[in-house]
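Lettering follows sequence order; numbering is per chain, from 1. Computed from a prediction, not measured in an experiment: that's the story for all the values here.
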Number of protein chains: 2
Amino acid sequence: MTIADVAARAEVSPITVSRALREPARVSEPLRRRIDAAVRALNYVPDQHARALASARTNVVGVLVPSLTNTVFADVLRGIHDRAGKTDLQVQFANTRYSPLEEERLIRLFLSQSPAALIVVGIDQTQAGAKLLRAAELPVVQIMELGPEPFDMMVGFSQFGAGRAMTEHLLGAGYRRIAFLAARLDPRSNRRMAGYRAVMAEAGLADDSLMVQTKAPSSVQVGCELLREIMARRPDIDAVFCNNDDIALGALFECQRLGIAVPEHLGVAGFNDFEMSAAAEPPITSVATERYAMGVTAMDMIAKSIIGEPPEHKVVDLGFHLCPRASTRPSRAEAAARPRKPARPKVAKETR
Amino acid sequence: MTIADVAARAEVSPITVSRALREPARVSEPLRRRIDAAVRALNYVPDQHARALASARTNVVGVLVPSLTNTVFADVLRGIHDRAGKTDLQVQFANTRYSPLEEERLIRLFLSQSPAALIVVGIDQTQAGAKLLRAAELPVVQIMELGPEPFDMMVGFSQFGAGRAMTEHLLGAGYRRIAFLAARLDPRSNRRMAGYRAVMAEAGLADDSLMVQTKAPSSVQVGCELLREIMARRPDIDAVFCNNDDIALGALFECQRLGIAVPEHLGVAGFNDFEMSAAAEPPITSVATERYAMGVTAMDMIAKSIIGEPPEHKVVDLGFHLCPRASTRPSRAEAAARPRKPARPKVAKETR
DNA sequence: AGAATTCGTGATAGCGCTAGCAATTTGGTC
DNA sequence: GACCAAATTGCTAGCGCTATCACGAATTCT
């Protein structure tokens, strides 16, 4: 079942079939109809390998992410994958395991296979990796955060700004001794922490002993441990801002174990607005990010670039939004706007 | 940078280079050394497309899973991916969205690209899909569960048996009116439910009003809703066996909200032993399954098959094990073995 | 009217690699 | 020393597709 079979059936030359499939506009109406009919009758599927070999191009989009299991990236991948299904692009994932060197190796590997485009996470590639991506003659999208001098395109939000926003929210709710709990600090968590630090410093409340971290990857268990640690070191804290919602959930569980009332004695805030956070008791204050949309948008930008219509904006800020919930006291603004007795908080729609 | 460049540098013919790379044993020691040196000096990477075109074979393993975000599959994918990194096999994922028809479409699509092997989930393919896979001349691994007449190979565990085991454990702990909470029932959840039903029937305790389910996919939020529903319908229940740990977590949160003491008034058990379950307060009784190992084993079997050494056992049972925790009363056997006052349960190591 | 351009189609020549066979060398066997 | 089998290397001919150029016919321009 090759292009020649289709050509024979449609009584045209193979090259015309090839054109009808790739650039229908360049083939006359009647031929195109005959060819389409033949393709359908024979259930013809072009051979990707032959196509790639002959044209020195592929329809494979390489995606380099630090982790395949972290919910954050799983959501982005789902967006990428869903959108890819609507084009003829294929997706090839690879796992950098949070290692810039591994990422560089994978960049080399992928580039050697001349993919249609690449998606990488963040802005902290190695120098060599950055140079390769900048020089590459293909669409490149950096996702998850924003920064100056994109290699090509960018879709994300300000991690620093999000860290600031949550910290400001907590200050606005009257918290003063706010601890920061962090698992393995990848570059994005680091920038959130920088946002926290900046706000605390501006308020004259900065204090390094309020910050606890570990090299272990983020998990609920780690959240438990970090909470015990900070409570041992600084029993006077009045809130914890957790790097990630699983840390926050662990912190909440540990509070229950230790008999610490949330939010009365301790406010607990997370980041990323995982599905479980809104359902927890009490529901956990968090910052929602547009992970799925990020994947979709990245693929959209790539699809447009490939057909020669690069997107209007090369850098897209999808923003974030704060989700104040009962695990922290309401801020003054909210308290004014709400009825006295806070009703069961409405749970945002959580679709998969 | 082609095989010809390497051949020129090593002063041999291109075909010898090709052989040295694919079947080193068939090339003499000295030539092999010269060729290896040339490959490294030129940083040569064979063109996958040319290779696939010429040999009518690829090194791509297709993986069809129902979901990319569900932790269960994310863990399996990680195993598959990790192991693939140690061979020269590439992995291509696709998402069936729990639809057998979509799965069939993808089976056709993948087979038309003659992959090196296929991994599919479970035993509930459409008739046409099953026929295609049975006829396919390539390694096929069915994962996640076991069953009679594998297409080729199988790695999993008995979902029915696991459902039985948990239900028996709950009975052994003295629970009698055990509800079953289920989100969208995919075939595997169904078999777990069948295990529950069988044990309840044997004990003379079966009662359809004890079973609640919804079409929504599994989530913590859905766990909350299901718990409210069953408590409204059957306030006399003494335990809930949840389809999945996120349902169990939601049930636990809802118990906290409703003031139901766990495990005194209600035992809560889950399934899959997600990381958060051991860290919850109280820690949630669950059934651990070997998801990562399943992915690794599947890839191992495939790798062996491809080099012509099919694995000794075509069907591998990785089993499961019960993790009794404080969200259910201890069974009689455990109670006898343990000290009176249950210490904080040790948390199993949870590595990522 | 003749030249220049555009349009639609086709012929040719590879893309980089490997299957299959052919040629050569080596190491034994009778 | 002639002969055979095995081991080693190389040649030839594509795999299925597309880039490039070529060609005639239709269209536009001067």
Side-chain angles (χ1 to χ4, degrees), chain A residues 1-36 38-39 42-60 88 90 109 111-116 137 306-308, chain B residues 1-36 38-39 42-60 88 90 109 111-116 137 306-308:
Chain A
M1 170 51 56
T2 76
I3 208 170
D5 301 322
V6 179
R9 188 176 177 115
E11 296 180 313
V12 295
S13 73
I15 188 64
T16 304
V17 175
S18 174
R19 263 196 289 262
L21 293 169
R22 291 172 299 129
E23 307 167 275
R26 291 175 47 96
V27 174
S28 68
E29 172 77 27
L31 283 202
R32 204 183 325 143
R33 253 211 291 273
R34 276 194 351 239
I35 292 171
D36 283 355
V39 166
L42 298 173
N43 201 16
Y44 167 74
V45 181
D47 181 312
Q48 298 299 327
H49 301 298
R51 185 171 263 188
L53 182 58
S55 66
R57 274 193 257 106
T58 67
N59 61 355
V60 174
D88 68 342
Q90 302 224 325
L109 180 64
L111 285 180
S112 82
Q113 313 194 13
S114 51
E137 303 257 321
I306 288 177
I307 59 172
Chain B
M1 172 49 58
T2 75
I3 209 170
D5 301 321
V6 179
R9 187 174 178 117
E11 296 180 312
V12 295
S13 74
I15 188 64
T16 305
V17 175
S18 173
R19 262 195 291 260
L21 293 169
R22 290 172 299 129
E23 307 168 275
R26 289 177 48 96
V27 175
S28 68
E29 173 78 27
L31 282 201
R32 205 184 323 143
R33 253 211 290 274
R34 288 212 319 260
I35 292 170
D36 282 356
V39 165
L42 297 173
N43 200 16
Y44 167 74
V45 180
D47 182 311
Q48 299 298 328
H49 301 298
R51 187 170 261 186
L53 182 57
S55 65
R57 275 192 257 105
T58 68
N59 60 356
V60 173
D88 68 342
Q90 302 224 325
L109 180 63
L111 286 181
S112 83
Q113 314 193 13
S114 52
E137 303 256 321
I306 287 176
I307 60 172

Please report, rounded to the nearest Å, how far the [atom2] atom of [N] is from the [atom1] atom of [X].
X        : N      : atom1 : atom2 : answer
A:Ile15  : C:dA11 : CD1   : P     : 11 Å
A:His49  : D:dC15 : NE2   : C1'   : 12 Å
B:Arg26  : D:dA6  : CZ    : P     : 13 Å
B:Glu29  : D:dT9  : CD    : C1'   : 16 Å
A:Asp5   : D:dC17 : CG    : P     : 9 Å
A:Arg57  : D:dG16 : CZ    : C1'   : 16 Å
A:Gln113 : C:dC17 : CD    : P     : 12 Å
B:Gln48  : C:dG16 : CD    : C1'   : 12 Å

*What are the two closest heavy atoms between A:Arg32 and A:Pro24, and how far apart are they?*
NE-O, 3.2 Å
Given [options], the nucleotide with the shortest approach to the side chain of [X]:
X       : options                : value
B:Ala54 : D:dT9, C:dC17, C:dA19  : C:dC17
B:Ser28 : D:dT8, D:dG16, C:dC17  : D:dT8
A:Arg22 : D:dC17, D:dT9, D:dA19  : D:dA19
A:Thr16 : D:dT18, C:dC17, C:dG10 : C:dG10
B:Ser18 : C:dT18, D:dT9, D:dC17  : C:dT18

*asked:* Please determine whether any donor N or O and acceptor N or O are separated by less than 3.5 Å between the side chain of A:Arg32 and the base of C:dG8.
replied: no
side-chain N/O [X] vs [N] OP1/OP2, d < 4.0 Å:
X       : N      : answer
B:Ser13 : D:dG10 : yes
A:Ser55 : D:dT18 : no
B:Arg51 : C:dG16 : no

*So, do B:Leu109 and B:Gln113 sit near enough that their side-chain heavy atoms are less than 4.5 Å apart?*
yes
_Partner of A:Val27 by side-chain contact (heavy atoms from CB on, under 4.5 Å), out of A:Arg33, A:Arg34, A:Arg19_ = A:Arg19
_DNA chain D: 5'-proximal contact among B:Val27 and A:Val45 (nearest heavy atom)_ = B:Val27
*Mind checking A:Leu53 for me? I need base, sugar-phosphate or nothing, with any heavy atom below 4.0 Å counting as a touch.*
base
*Base, sugar-phosphate, or nothing: which does A:Pro14 touch, judged by heavy atoms less than 4.0 Å apart?*
nothing
_For the OG1 atom of B:Thr58 and the NE2 atom of A:His49, what is their distance to the nearest 0.5 Å?_
5.0 Å
_Run the side-chain contact (heavy atoms from CB on, under 4.5 Å) test on A:Thr2 and A:Asp47 for me, step by step, so that the C-alpha distance in whole Å, both residues' side-chain angles and the decisive distance to 0.1 Å come before the verdict._
CA-CA 8 Å; A:Thr2 76; A:Asp47 181 312; over 6 Å; no
